[in-house]
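Here the structure is laid out as structure tokens; the discussion comes afterwards.
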Amino acid sequence: MATKIILDCDPGHDDAVAILLALAAPESVDLLALTVVGGNVPLKLTVNNALRVLALAQREDIPVYAGCPRPLLREMVTAEHVHGESGLDTGSGKLLEMPKTTVADLHAVNYLIETIRGSAKNSIILVATGPLTNIAAAFAMAPDIIERLDQLVIMGGACHEPGNITPAAEFNIYVDPHAAKAVFDSGVNLVVFALDITHQMLITPARLAAIAELGGRAGAVVADLLEFFNQYDMSKYGWSGAPLHDPCTIAYIIDRTIFTGREMAVTVDINDGPSLGRTVADWYSVTDAKPNAMVITDGDSDRFFGLITERLATL
Ligand code: RIB
Ligand code: CA
């Protein structure tokens, strides 16, 4: 039976691949909707990009709900330096087709509350691959939905790895650290894909070539997107490819055996200063803090990219 998911995202190249992977695994994933947040680029663009990706997959039947355009307290921080001005810039410079569909009228936070309240307990996995503003707002407005969720699976944080937007913090957490703290402290059944695991999932030339050689609608476009997405991180880290962060969350839902992890206590630093947005993980249980997250620590990158390539070929 396919798992019902709602994907809260800020497309963004890796969000786009996560959306496509979710659509390419119908036996495992029943994608109910996309809820969108400001993050990689402003909300107007992340919404438009979500619609574009659904159009690419010819799945305009999936509704898109616009959420919060900015963090709860802090000023907005975006990542055009990574994703380009559009948020989905390509190596060829040819952007994805403009969507023919538009965003739904209901606010994303209200959609999350109404849908989770209206569904059987533990029947929905909420996936979040952007700043956690929509999630924190929904939990604050309707705390009853927290225990109704089967899991909240996020891409965010950095335990041992240095941050990618500051030396201490990963982008999704840093953009809205107050929302992240509220979510990490909420008691939700939390699974965390931090940079510690996503930095093991590099878009190497061989992996990029395998995607480029796919037939069908998605392969060539995804390769063109990843061609651009590789540029910033390869020059920054000197690695053989950029880390493909967000699809880890969907791959986990499709095949949990690709990854391993363990429960640990994780707190989010909300103090102004150099550690703002740091996710402090009690990796070796040196405190008596109660574990609040399943932190994914290892994964098989070949199986991960094999899954993505095999599934993109079906779109
Ligand atoms: O730090 C990487 C994360 O921030 C990814 O989700 C990327 O899309 C951006 O949202
Ligand atoms: Ca993202």
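Indexing begins at 1, ligand by ligand and atom by atom, following the structure's order.
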With no hydrogens and no angle check, is any side-chain donor or acceptor of Asp196 less than 3.5 Å from a backbone partner on His160?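 Confirmed, Asp196 side chain pairs with His160 backbone.
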So which bit of [X] gets within less than 4.0 Å of ligand 1, heavy atoms only: side chain, backbone, both or neither?
X      : answer
Asp246 : side chain
Asn40  : side chain
Val82  : neither
Asp15  : side chain

Which class fits the ring pair Trp239 and His199: parallel under 30°, tilted 30 to 60°, perpendicular over 60°? perpendicular
Is any protein N, O or S atom closer than 3.0 Å to the Ca ion (ligand 2), and if so, which?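 Protein N, O or S atoms closer than 3.0 Å to the Ca ion (ligand 2): Asp10 OD1, Asp15 OD1, Asp15 OD2, Thr129 O, Asp246 OD2.
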Flag the pair Arg207 and Glu213 as a salt bridge only when some basic side-chain nitrogen lies within less than 4.0 angstrom of an acidic carboxylate oxygen.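 Glu213 and Arg207: not salt-bridged.
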What protein heavy atom sits nearest atom 8 (O) of ligand 1, and how far away is it? Asp14 OD1, 2.6 Å
Counting only heavy atoms, tell me which of His199, Glu170, His13, His83 gets closest to atom 3 (C) of ligand 1.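 The nearest heavy atom belongs to Glu170.
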Are Thr257 and Arg303 linked by a side-chain donor-acceptor pair shorter than 3.5 Å? yes
Going by atom types alone, do Thr287 and Asp282 pair a side-chain donor with an acceptor below 3.5 Å?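 Looking only at side-chain atoms, Asp282 and Thr287 do form a donor-acceptor pair, the distance falling under 3.5 Å.
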Give the atom numbers and elements of ligand 1 that come within less than 4.0 Å of a heavy atom of [X].
X      : result
Phe171 : 1 (O), 4 (O), 9 (C), 10 (O)
His245 : 2 (C)
Met155 : 2 (C), 3 (C), 5 (C), 6 (O)
Asn172 : 3 (C), 4 (O), 5 (C), 6 (O), 9 (C), 10 (O)
Asn164 : 1 (O), 2 (C)

Looking at Lys44, I want to see if its NZ is surrounded by more than 12 non-hydrogen atoms of other residues, nucleotides or ligands under 6.0 Å.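 Check fails, neighbour count at 12 or below.
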Assess whether side chain to side chain contact (heavy atoms under 4.5 Å, CB included) is satisfied between Tyr174 and Glu170, documenting all intermediate values. CA-CA 6 Å; Tyr174 181 73; Glu170 178 278 326; over 6 Å; no
Tell me if the aromatic rings of Phe229 and His83 count as close, with their centers under 6.0 Å from one another. yes
Side chain to side chain contact (heavy atoms under 4.5 Å, CB included) partner of Ile250, chosen from Val127, Leu31, Leu307, Thr129: Val127
For the pair Phe193 and His245, evaluate ring-ring contact (aromatic ring centres under 6.0 Å, His included) and give the outcome as yes or no after the intermediate values. CA-CA 8 Å; Phe193 282 84; His245 309 281; over 10 Å; no
Give the cluster check for Leu202 versus Val82: same hydrophobic cluster or not, with ILVMFWY residues linked at side-chain heavy-atom distances below 4.5 Å.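 Hydrophobic grouping puts Leu202 apart from Val82.
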